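To start, the structure itself, in structure tokens.
Everything numeric here is computed off the predicted structure, so don't read it as measured data.
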Amino acid sequence: FKALESLMAQPQADPALAERYRAGLRDFLEKNPDPPLAYEARYRTGELLQSSGDFPAAIDEYAKVQGDAAYVLRARFGTVQSRFELLKGDTQPPVRAARLTAIGADLDAVDGQIKALQAQKNAGVALPEIAAKTVLLRAVYVSLTSDKGDEQVAVLLADFGTRFPDQKDLLPQAVRLRLGALLQLGRFTEAEQAVTQYGPALAAEHRNEALEGLASGFRKASARRKAA
């Protein structure tokens with residue numbers, strides 16, 4: 001499956017390769033079902049299932065990844081991403097609550113695994129990127145689960161650019177999430193400072209509708225404050 005994996009990674013990969021890749025992974029796991037040989041194949045199977053939108057199956061496959069700390073971390077992170085995708089379709093409160101509980105446990109586990117791998121010089125995984133993405137997911141999680149979610153988001157993302165200076169592609173999302181929290185908190189001065197500091201990064205993202213939505217929210221909040 002390794003030869004097919006390199007082909008799958010190409011930008012213009014042939015869609016027909018996916019089934020061959022899946023078959024290669026399946027064949028490899030049939031011959032090598034146990035760690036340490038199986039951990040990467042199981043992770044790649046979960047990754048393929050996740051990319052195809054089969055999130056429950058991806059979660060099941062990720063749970064089987066054992067034998068290598070770096071792949072275990074990547075599998076747990078893939079599990080969090082898959083659960084968030086499933087959360088979008090949860091309409092029943094008990095199901096949604098259970099999903100959020102599972103997401104919280106996964107985020108805690110990912111944080112713990114990141115700290116453990118940070119102590120190793122050769123972690124074998126892009127820790128800063130996963131750590132930065134985990135912070136963003138944590139911000140979304142607390143906004144959905146905590147009565148003080150906006151306050152926690154504002155604090156959690158306040159120094160995102162400093163903590164993750166190389167994750168420039170993720171910075172605009174962090175800024176937008178924090179601006180939304182500051183809007184809800186009525187902390188307009190801090191919001192203005194953030195826009196001044198990160199305006200170029202936000203503009204470079206080319207998400208004019210998101211920026212206009214934030215601007216509209218701040219205009220309405222400012223008008224309410226003046227009328228009060």
Side-chain angles (χ1 to χ4, degrees), residues 1-9 13 17-18 20-88 90 97-142 144-145 156 160 163-164 166-167 169-170 173-174:
F1 73 90
K2 296 298 292 183
L4 290 172
E5 180 182 318
S6 62
L7 293 174
M8 286 287 292
L17 282 173
R20 290 175 56 197
Y21 184 45
R22 190 191 302 269
L25 289 166
R26 186 165 52 245
D27 180 65
F28 183 87
L29 286 170
E30 287 177 356
K31 296 176 181 177
N32 305 277
D34 302 314
L37 295 176
Y39 62 79
E40 182 179 0
R42 292 204 181 279
Y43 170 74
R44 296 300 179 190
T45 300
E47 186 179 48
L48 183 60
L49 290 165
Q50 181 183 348
S51 66
S52 66
D54 193 348
F55 302 114
I59 292 170
D60 289 343
E61 199 63 40
Y62 282 141
K64 300 174 185 176
V65 177
Q66 301 176 26
D68 182 274
Y71 276 103
V72 170
L73 169 60
R74 293 165 74 176
R76 199 61 176 261
F77 182 74
T79 296
V80 178
Q81 291 178 310
S82 297
R83 291 199 203 279
F84 265 108
E85 291 298 326
L86 290 171
L87 185 68
K88 295 176 182 178
D90 289 337
R99 187 94 61 199
L100 285 168
T101 297
I103 288 173
D106 284 332
L107 286 170
D108 290 342
V110 169
D111 284 336
Q113 291 166 342
I114 288 173
K115 290 177 182 178
L117 283 170
Q118 283 173 336
Q120 302 178 19
K121 292 184 179 180
N122 297 310
V125 64
L127 284 179
E129 180 182 357
I130 291 181
K133 290 181 177 179
T134 301
V135 168
L136 291 175
L137 292 177
R138 173 77 70 178
V140 174
Y141 171 75
V142 297
L144 295 173
T145 59
L156 187 63
F160 188 90
R163 290 172 63 190
F164 307 107
D166 295 328
Q167 306 304 314
D169 289 344
L170 300 176
Q173 183 179 354

Nearest 0.5 Å, what's the [atom1]-[atom2] distance between [X] and [Y]?
| X | Y | atom1 | atom2 | result |
| --- | --- | --- | --- | --- |
| Leu73 | Leu117 | CG | CG | 5.5 Å |
| Asp90 | Arg83 | CG | CZ | 11.0 Å |
| Leu144 | Phe84 | CG | CZ | 6.5 Å |
| Ile130 | Leu137 | CD1 | CG | 11.0 Å |
| Arg76 | Ile114 | CZ | CD1 | 12.0 Å |

Query raised in the report: Does any N or O in the side chain of Tyr62 come within less than 3.5 Å of the main-chain N or O of Arg74, such that one atom is a donor and the other an acceptor?
Result: no
Residue pair [X] / [Y]: nearest heavy atoms and the distance that separates them:
| X | Y | result |
| --- | --- | --- |
| Gly46 | Glu61 | N-CG, 3.7 Å |
| Val72 | Gly67 | CG2-N, 4.4 Å |
| Val65 | Tyr43 | CG2-N, 3.6 Å |

Query raised in the report: Could you walk me through whether Arg138 and Asp108 pass the salt bridge (Lys or Arg N to Asp or Glu O under 4.0 Å) check?
Result: CA-CA 9 Å; Arg138 173 77 70 178; Asp108 290 342; 2.9 Å; yes
Taking the side chain as everything from C-beta on, heavy atoms only, tell me whether [X] gets closer than 4.5 Å to [Y].
| X | Y | value |
| --- | --- | --- |
| Asp60 | Leu49 | no |
| Gln66 | Tyr39 | no |
| Thr79 | Val110 | no |
| Leu170 | Lys133 | yes |

Query raised in the report: With a 6.0 Å cut-off on ring centres, are Phe160 and Phe164 close enough?
Result: yes
Report task. Start with the C-alpha distance between Asp68 and Glu40, add both sets of side-chain angles, then the distance that settles side chain to side chain contact (heavy atoms under 4.5 Å, CB included), and finish with yes or no. Result -> CA-CA 8 Å; Asp68 182 274; Glu40 182 179 0; over 6 Å; no
Requested in this report: Quick one: do Thr145 and Ile103 satisfy side chain to side chain contact (heavy atoms under 4.5 Å, CB included)? Show the steps, please.
Outcome: CA-CA 11 Å; Thr145 59; Ile103 288 173; over 6 Å; no
Requested in this report: Determine, step by step, whether Val135 and Arg163 satisfy the side chain to side chain contact (heavy atoms under 4.5 Å, CB included) criterion, reporting the C-alpha distance in whole Å, the side-chain angles of both residues, the deciding distance to 0.1 Å, and the verdict.
Outcome: CA-CA 10 Å; Val135 168; Arg163 290 172 63 190; 3.7 Å; yes
